[in-house]
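Here is the structure we will look at.
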Amino acid sequence: MDDELDLDLRRRLRGLAEDRPLPVDLWPAIEARLPATAPASPVRPAWTWAAAAALVMAVAAAWLLPLRNGPDPALQPLVQAEPARSLHADDADTLLRAYDEILAFEAGLPALHWQHQLGRPGGRERLAARRELDASLRELAAALRIEPGSQLLRRLMHQTLGQRVAISRDAWTA
Amino acid sequence: MRQDHDTVDRADADTVDVRAAAAGDIPAFERLFRRHSARIHGVVWRLAGGVEARAEDLVQETFLRAWRNLARFRGESLFSTWLHRLAVNTALMDLRASRSRPDTDAALPEDLGSHEEHPGHEMDLQRAVASLPPRARAVLVLHDIEGWQHGEIAAELGMATGTSKAQLHRARQLLRQRLEGHGHG
């Protein structure tokens with residue numbers, strides 16, 4: 001009974017979806033309230049989007065994979081092989097160089113290195129975190145090249161690079 | 001077929017006018033208002049429970065918000081869809097605000113009898129919809145009249161999908177009771 005009633009009711013309700021001409025012309029009132037200037041431009045510095053994305057990704061990565069505090073002495077060779085030293089610097093050029101070094105370092109890894117992660121504990125999460133962090137780093141690097149003076153960008157780049165290094169390090173030793 | 005052409009023509013005209021209006025062309029924005037005001041008025045009037053004065057405020061507010069945000073409209077959907085969503089969002093914000101205003105929903109819809117296109121039977125239905133509690137009415141209007149999905153409604157109203165379904169069930173029950181009370185349904 002309910003179904004039948006509902007069908008009929010629903011059909012009638014759909015029939016109410018009609019346009020409804022305004023009984024009075026509201027345009028003069030609207031026009032009077034329009035600001036004299038053009039609508040606000042959506043153009044924002046590219047880095048604001050990158051910064052937002054990086055913040056989200058950094059949080060996501062931290063959630064997926066809690067990072068270690070401080071270098072593990074057993075990993076010293078790897079940490080040195082990566083640009084960890086650069087992470088103490090905070091000028092844009094150094095950060096961008098560190099990013100390039102990470103890419104170069106990764107390019108030198110055996111092709112199957114990351115694929116092997118799939119079979120290791122936490123490997124899937126590490127791969128997901130790496131993918132997200134890389135996307136963030138690409139955006140941040142692009143943004144930093146445009147706005148090298150941005151403190152926020154430098155801080156985010158610094159932080160994201162640190163997380164990226166930690167993931168590489170964990171993957172190497174897992 | 002003619003209707004399809006009209007829709008396409010209208011969408012094309014919207015595209016041109018949106019671009020011009022986003023650059024500050026007020027006559028272009030007026031054309032957008034003229035083309036879409038009846039549809040926007042229809043949806044906000046239903047969400048406002050048929051209270052005409054509030055519906056007119058909501059139409060104004062919707063178009064003012066549209067003006068402010070035109071430059072952000074990227075053409076990923078039809079302008080009419082974007083504007084419709086903006087109108088619903090404006091009406092729902094008002095609904096949330098009205099919960100803190102005393103007796104706002106005690107106001108009876110004053111003009112439900114003024115539209116001759118809904119004689120008797122459907123007029124009772126409109127009255128019954130208008131008399132629903134605001135949130136239940138919003139869910140019913142969006143789902144059963146405007147054709148939204150529960151996920152969309154839940155997101156817009158800031159509730160769980162299950163809550164939206166429960167509200168709809170409740171709204172339909174109340175609606176049936178009120179229609180039966182009037183000898184229809």
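A, B, ... follow the sequence lines: proteins, then strands. Residue 1 opens every chain. Every value quoted in this text rests on a predicted model; they were computed, and no experiment measured them.
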Side chain to side chain contact (heavy atoms under 4.5 Å, CB included) partners for A:Arg131, two or more places apart
A:Ala128

Contact list for residues 23-32 of chain A, test salt bridge (charged side-chain N to carboxylate O under 4.0 Å, His left out), sequence neighbours left out
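Every pair satisfying salt bridge (charged side-chain N to carboxylate O under 4.0 Å, His left out) with a residue in residues 23-32 of chain A: A:Asp25-B:Arg34.
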
Rounded to the nearest 0.5 Å, what's the gap from [atom1] on [X] to [atom2] on [Y]? Could you check?
{"X": "B:Phe63", "Y": "A:Leu34", "atom1": "CZ", "atom2": "CG", "result": "11.0 Å"}
{"X": "B:Leu140", "Y": "A:Leu9", "atom1": "CG", "atom2": "CG", "result": "7.5 Å"}
{"X": "A:Arg12", "Y": "B:Gln126", "atom1": "CZ", "atom2": "CD", "result": "11.0 Å"}

Does CD in B:Gln149 sit with more than 12 non-hydrogen atoms of other residues, nucleotides or ligands closer than 6.0 Å?
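It does not: B:Gln149 CD has 12 such atoms or fewer within range.
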
Does atom CZ of B:Arg19 have more than 12 heavy-atom neighbours from other groups under 6.0 Å away?
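Open.
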
Within the 4.5 Å heavy-atom criterion, are [X] and [Y] side-chain neighbours or not?
{"X": "A:Leu26", "Y": "B:Phe33", "value": "yes"}
{"X": "A:Asp19", "Y": "B:Ile40", "value": "no"}
{"X": "A:Arg20", "Y": "B:Glu52", "value": "yes"}
{"X": "A:Arg14", "Y": "B:Ile145", "value": "no"}

Return the option, out of B:Ala55, B:Ala66, B:Ala38, B:Gly147, with the maximum number of heavy-atom pairs under 4.5 Å with chain A.
B:Ala38

Option that, when pairs with chain A are counted at under 4.5 Å, heavy atom only, ranks first among B:Leu175, B:Asp144, B:Val141:
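Among the listed options, the one with the most contacts to chain A is B:Asp144.
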
Of the backbone (N, CA, C, O) and the side chain (C-beta and beyond), which part of B:Val129 lies under 4.5 Å from a heavy atom of chain A, both, or neither?
side chain

Which atoms of B:Arg39 are under 4.5 Å from chain A, going by heavy atoms: the side chain, the backbone, both sets, or neither?
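When you check distances to chain A, atoms from both the backbone and side chain of B:Arg39 fall under 4.5 Å.
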
Would you please test B:Glu61 and A:Arg33 for side-chain contact (heavy atoms from CB on, under 4.5 Å) and show each step?
CA-CA 10 Å; B:Glu61 190 54 36; A:Arg33 292 174 64 192; 3.7 Å; yes

Nearest heavy-atom neighbours spanning B:His41 and A:Pro21
ND1-O, 3.6 Å

